Amino acid sequence: MAGGDSVHIFSYLDYRHFLRDLYAQKKASERGFSHRAFSKRAGLNSTNYLHLVMQGKRNLSPEMAASFARGCGLTPAEAIYFCELVTFTQASTSEERNRAYDRLARHRRFREVHQLDVAQAEYHSTWYIPAIRELAARADFRDDPAWVARMLVPPISSAEARSALSILLELGLLVKDEHGHVRQPDELVSTGPGPLGHQVVNYHRAMLARASEAIDRIPRDEREISSVTLCVSHSALLELKARIGEFRRELLQLAELEGEPERVVQINFQLFPLSKKEDPNDEP
């Protein structure tokens, strides 16, 4: 919103949440404001369309997004952001969400409000930033970009290492101690609720690419890449997922108890169906 209103479009990453909050604010502060009043401002024929959109029962086309921005009373810059936010919210694939997020991040007001979100996006978009965070567990770790760059497999540039260190410090995933040395604040870190869904997808894709390269790059005695194909019931599938989660937690605990960390390793888990539950052509 323009002016001193409490609902600010640049604070949102879901346009439906913005519309619900804006409607509640205007309903409380503007006498006579209603779905009908909004529809008149936006030039809509239906007085119920706003309600359906807010509830996720209707999507907005680019043309309707522009009409809604007008109904919200947004400034030109805010209206552009709102329309791009509609594209981001309604994106059906991670590639679409990535492109839409990049457009959102070009707005200065967005970067000011979502500084950590932007850093989170960078953290999950490359394989080497999480690796550098773990590299800092070594006793001989040096926050020298040239040293960091050549310690990774494959090596990265000093500029990439310098940027990665800056992002890790900004996110608090690395800190400087009283002597000015860079170190980990905690033994373990989790993505938690911070990253957006497409950012986590970017992270997994980056690590899967490293796994594919490791088949040729890493000697067999230093890697373990294997798979198994099973036919199981749905309940067994859920049990497999649960066991993978338990094993992942065991590995985190093992790393936490490690006395002298030496090398950063990546362990990926994948479980996905290769067949449908039932033949869609079968008669009910």
Side-chain angles (χ1 to χ4, degrees), residues 13-14 87-105 114 116-137 148 152-156 160-161 163-165 167-168 170-174 184 186-218 222-230 232 237-256 263-276:
L13 282 169
D14 187 315
T87 301
F88 176 76
T89 305
Q90 296 178 175
S92 58
T93 67
S94 58
E95 289 86 357
E96 291 175 356
R97 288 180 70 82
N98 280 330
R99 289 194 295 269
Y101 185 85
D102 287 342
R103 290 194 294 272
L104 294 177
H114 300 276
L116 289 183
D117 284 331
V118 173
Q120 282 274 18
E122 294 185 66
Y123 177 88
H124 290 90
S125 65
T126 61
W127 65 271
Y128 56 81
I129 298 182
I132 292 172
R133 197 269 175 185
E134 291 305 312
L135 189 64
V148 170
L152 295 180
V153 180
I156 62 175
E160 289 172 327
S163 175
L165 288 168
I167 291 169
L168 288 165
E170 180 180 356
L171 288 172
L173 298 177
L174 291 181
Q184 291 185 2
D186 302 299
E187 292 298 324
L188 300 177
V189 63
S190 171
T191 54
L196 303 174
H198 73 287
Q199 295 170 354
V200 176
V201 170
N202 291 340
Y203 167 80
H204 289 311
R205 283 184 171 154
M207 291 309 183
L208 286 171
R210 297 287 75 75
S212 178
E213 294 175 2
I215 295 175
D216 296 320
R217 183 186 296 274
I218 306 299
E222 295 186 18
R223 61 173 170 80
E224 174 59 35
I225 297 178
S226 59
S227 64
V228 59
T229 305
L230 306 171
V232 300
L237 186 149
L238 297 179
E239 176 65 19
L240 288 172
K241 289 185 62 176
R243 291 198 180 192
I244 289 174
E246 291 173 5
F247 184 51
R248 187 175 64 248
R249 287 187 288 272
E250 289 179 13
L251 294 179
L252 289 171
Q253 294 171 0
L254 176 65
E256 186 177 14
R263 302 185 70 179
V264 179
V265 300
Q266 176 68 22
I267 303 173
N268 294 332
F269 300 93
Q270 293 92 41
L271 184 156
F272 50 90
L274 295 176
S275 68
K276 297 178 180 178

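These figures come from a predicted structure and were not determined experimentally.
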request  = Could you give me the CA-CA distance, side-chain angles and deciding distance for Arg205 and Glu95, then say whether salt bridge (Lys or Arg N to Asp or Glu O under 4.0 Å) is met?
outcome  = CA-CA 11 Å; Arg205 283 184 171 154; Glu95 289 86 357; 3.2 Å; yes
ask   = Which atom pair, heavy atoms only, marks the closest approach of Ala131 to Leu152?
value = CB-CD2, 4.3 Å
query = Taking the side chain as C-beta and beyond, is there a heavy-atom pair between Val153 and Ile218 under 4.5 Å?
reply = yes
remark   = Rounding to 0.5 Å, atoms CG (Leu171) and CZ (Arg133) come to a distance of 11.0 Å
inquiry  = How long is the straight-line distance from OG1 of Thr229 back to CG of Leu274, given to the nearest 0.5 Å?
reply    = 6.0 Å
ask   = Quick check: are there more than 12 heavy atoms from other residues, nucleotides or ligands sitting under 6.0 Å from CZ of Phe269?
value = yes
task = Can you see which heavy atom on Met207 is nearest to which on Asn268, and at what distance?
result = O-ND2, 3.4 Å
query = Is Arg217 paired with Glu222 through a side-chain N to carboxylate O contact shorter than 4.0 Å?
reply = no
ask   = Hey, does Tyr123 have a side-chain heavy atom less than 4.5 Å from the side chain of Leu173?
value = yes
ask   = Does NZ or CZ of Arg97 fall inside the cone over Phe88's six-membered ring, less than 6.0 Å from its centre and within 45° of the axis?
value = yes
ask   = Leu237 versus Leu271: any side-chain heavy-atom pair under 4.5 Å?
value = yes
query = What do the steps show when you test Thr87 against Arg99 for side-chain contact (heavy atoms from CB on, under 4.5 Å), and what is the final call?
reply = CA-CA 9 Å; Thr87 301; Arg99 289 194 295 269; over 6 Å; no
query = Should Arg243 and Glu239 count as an ion pair when the cut-off is N to O under 4.0 Å?
reply = yes
inquiry  = Between Leu135 and Arg263, is there a side-chain heavy-atom distance shorter than 4.5 Å?
reply    = no
request  = Taking all non-hydrogen atoms of both residues into account, name the closest pair between Thr126 and Ala206 and its distance.
outcome  = C-CB, 4.4 Å
task = Take Asn98 and Thr93, measure what side-chain contact (heavy atoms from CB on, under 4.5 Å) needs, and give me the verdict at the end.
result = CA-CA 9 Å; Asn98 280 330; Thr93 67; over 6 Å; no
query = Atom OH of Tyr203 and atom CH2 of Trp127: how far apart are they, to the nearest 0.5 Å?
reply = 12.0 Å
ask   = Can you list the steps and then say if His204 with Asn202 is a side-chain contact (heavy atoms from CB on, under 4.5 Å)?
value = CA-CA 6 Å; His204 289 311; Asn202 291 340; over 6 Å; no
query = How far does CD1 of Ile132 sit from CD1 of Ile167, to the nearest 0.5 angstrom?
reply = 9.0 Å
key: Atom pair CD/CG of Glu250 and Leu254 - distance to nearest 0.5 Å   = 9.5 Å
task = Locate the shortest heavy-atom distance separating Glu134 from Gln184; write the atom from each residue and the value.
result = CA-NE2, 3.5 Å
remark   = Closest non-hydrogen contact found for Ala214 with Ile225 is CB-CD1, 4.5 Å
